[in-house]
Amino acid sequence: MSGHDAWADRLRAATAARGRLCVGIDPHPSLLDAWDLPRSADGLETFAELCVEAFAGEVAVVKPQVAFFEAYGSAGYAVLERTISVLRGAGTLVVADAKRGDIGSTMSAYAQTWLGAESPLSSDAVTVSPYLGFDSLRETYALAAENGRGVFVLARTSNAEGAQLQGARAGERSVAQSIVDASAAINGDGLSTVGLVVGATRDHGLDLSEFSGPILAPGLGAQGAGVSDLAQIFTGSREFLLPNSSRGVLAAGPSVSALRDAAATLRDEIEHSL
Ligand SMILES: O=c1ccn([C@@H]2O[C@H](COP(=O)(O)O)[C@@H](O)[C@H]2O)c(=O)[nH]1
């Protein structure tokens, strides 16, 4: 590492202070409608500003869904840059949900974009897909560790369609289990740079006993998972669990106080249940 606090230490401190909830910023067109905002870059900007006002400094981790910003081209990216920067400036950790995955040489460019210290999109962590090969992400893990950032690798996603690929056998174990085991091996350096994405929507069937890094668990609320499911699904992995809800919280908008209250209520339920 080069002069940065380790990602895992920053994440532990943030969740100890503000709870484990990760709130998503997912500006779905239908949410722009519901918030009486235009389906345009201006509407996106107002949406993001209201979210930032509600969540910055209040919740530990915020996860902007890059797809909904990308949809507006360069103007959308400009909004995303400001969103990330203001959240991070307020001490809220940002996980960019970009789900990047490519051959290693191209991954290096993606890694610089999301984890490089000088990038306008510089985030605390990024989601990545290992399905071009876990080892194609090696340089991404290395850059994350060097810069005190994190990476969340898709292991067992929250959607039902993921089962066919992720549950397929790779020798003695499932493909998803091989991702878990390879991630645990990288974290053997003690930095916990590599986190997993494991959906909260069902029993994942994974052996997480050797994995001590953070686990991002989407699926609460709109996808049907409940807070009461978390403790059972993630037995043994509760300390470093980041349950995620996006639409479930955003449905409370556009009122900033209602958004903040919705996040605080869910966070308290999570802390109580875990
Ligand atoms: O397995 C996964 C990985 C990522 N996601 C993302 O999380 C949010 C969930 O949004 P909700 O509105 O709470 O359903 C969204 O950005 C997904 O792309 C996921 O759901 N499952």
Side-chain angles (χ1 to χ4, degrees), residues 20-35 44 47-48 51 54-55 59 61-72 76 79-80 83-84 87 93-101 114 123 125-131 137 150-167 174-177 179-180 183 194-206 208 213-227 229-230 233-234 237 241-253 259 262-263 265-267 269-270:
R20 284 164 275 192
L21 170 66
C22 166
V23 177
I25 302 183
D26 291 43
H28 287 262
S30 59
L31 277 170
L32 292 176
D33 296 346
W35 289 24
L44 177 78
F47 189 101
C51 289
F55 307 136
V59 296
V61 186
V62 166
K63 179 176 81 62
Q65 173 49 258
V66 171
F68 293 111
F69 294 83
E70 219 163 45
Y72 297 95
V79 174
L80 182 57
T83 303
I84 293 170
L87 286 166
L93 300 177
V94 174
V95 177
D97 197 351
K99 296 194 186 65
R100 296 306 192 238
W114 300 104
S123 301
V126 66
T127 56
V128 294
S129 170
Y131 294 108
L137 302 169
V151 171
F152 285 94
V153 186
L154 301 179
R156 182 68 185 92
T157 55
S158 64
N159 58 328
E161 304 89 330
Q164 189 186 12
L165 173 65
Q166 297 154 13
S174 67
V175 169
Q177 186 65 49
I179 301 299
V180 173
S183 302
V194 183
L196 299 173
V197 178
V198 179
T201 41
R202 64 183 57 76
D203 183 1
H204 47 69
L206 298 169
L208 297 171
I215 298 177
L216 178 65
L220 280 187
Q223 294 180 54
V227 171
D229 301 324
L230 294 172
I233 295 176
F234 294 102
S237 310
L241 188 67
L242 301 174
N244 165 242
S245 175
S246 303
R247 285 168 289 178
V249 172
L250 299 172
L259 283 166
T265 301
L266 182 57
R267 176 192 58 205
E269 282 172 15
I270 289 168

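Start at 1 and go down the list; that is how both ligands and their atoms are numbered. What you see is a predicted model; the values in this text were computed from it and never measured.
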Roughly how far, to the nearest 0.5 Å, is the [atom2] atom of [Y] from the [atom1] atom of [X]?
X      : Y      : atom1 : atom2 : result
Leu216 : Asp97  : CG    : CG    : 7.0 Å
Ile270 : Ser245 : CD1   : OG    : 8.0 Å
Leu80  : Tyr72  : CG    : OH    : 13.5 Å
Arg20  : Leu241 : CZ    : CG    : 7.5 Å

Would you please name every residue forming a side chain to side chain donor-acceptor pair (under 3.5 Å) with Gln223, sequence neighbours left out?
Ser158
Looking only at distances, can you tell me whether any N or O atom of [X], backbone or side chain, sits closer than 3.5 Å to an N or O atom of ligand 1?
X      : value
Asn159 : no
Lys63  : yes
His28  : no
Thr157 : no

Give the contacting part of Pro218 toward ligand 1: side chain, backbone, both or neither, where contact means a heavy-atom distance below 4.0 Å.
side chain
Counting only heavy atoms closer than 4.0 Å, does ligand 1 sit against the backbone of Arg247, its side chain, both, or neither?
both
Distance under 4.0 Å to a non-hydrogen atom of [X]: what atoms of ligand 1 satisfy this?
X      : answer
Val197 : 1 (O), 3 (C)
Leu220 : 13 (O)
Asn244 : 7 (O), 8 (C), 9 (C)

Could you tell me if the side chain of Val227 sits less than 4.5 Å from the side chain of Pro243, heavy atoms only?
no
Non-hydrogen side-chain atoms of Ile25 and Phe47 separated by less than 4.5 Å:
yes
Which residue holds the protein heavy atom closest to [atom], what is that atom called, and what is the gap in Å?
atom                    : value
atom 13 (O) of ligand 1 : Ser246 N, 2.9 Å
atom 4 (C) of ligand 1  : Lys99 NZ, 3.2 Å
atom 18 (O) of ligand 1 : Gln65 NE2, 3.0 Å
atom 20 (O) of ligand 1 : Gln223 NE2, 2.7 Å

Using heavy-atom distances only, which candidate in Leu31, Ile25, Asp26 approaches atom 16 (O) of ligand 1 most closely?
Asp26
Looking only at non-hydrogen atoms, which of Ser158, Pro64, Ala217 approaches atom 1 (O) of ligand 1 most closely?
Ser158
Distance-only donor-acceptor check, side chains Thr157 and Gln166, under 3.5 Å:
yes
Hey, is Leu250 one of the residues with a heavy atom under 4.0 angstrom from ligand 1?
no
For Arg202, enumerate each residue passing the side chain to side chain contact (heavy atoms under 4.5 Å, CB included) test, keeping only those at least two apart in sequence or located in another chain.
Arg156, Ala160
Phe234 and His204 aromatic ring geometry - parallel, tilted or perpendicular at 30°/60° bounds
tilted
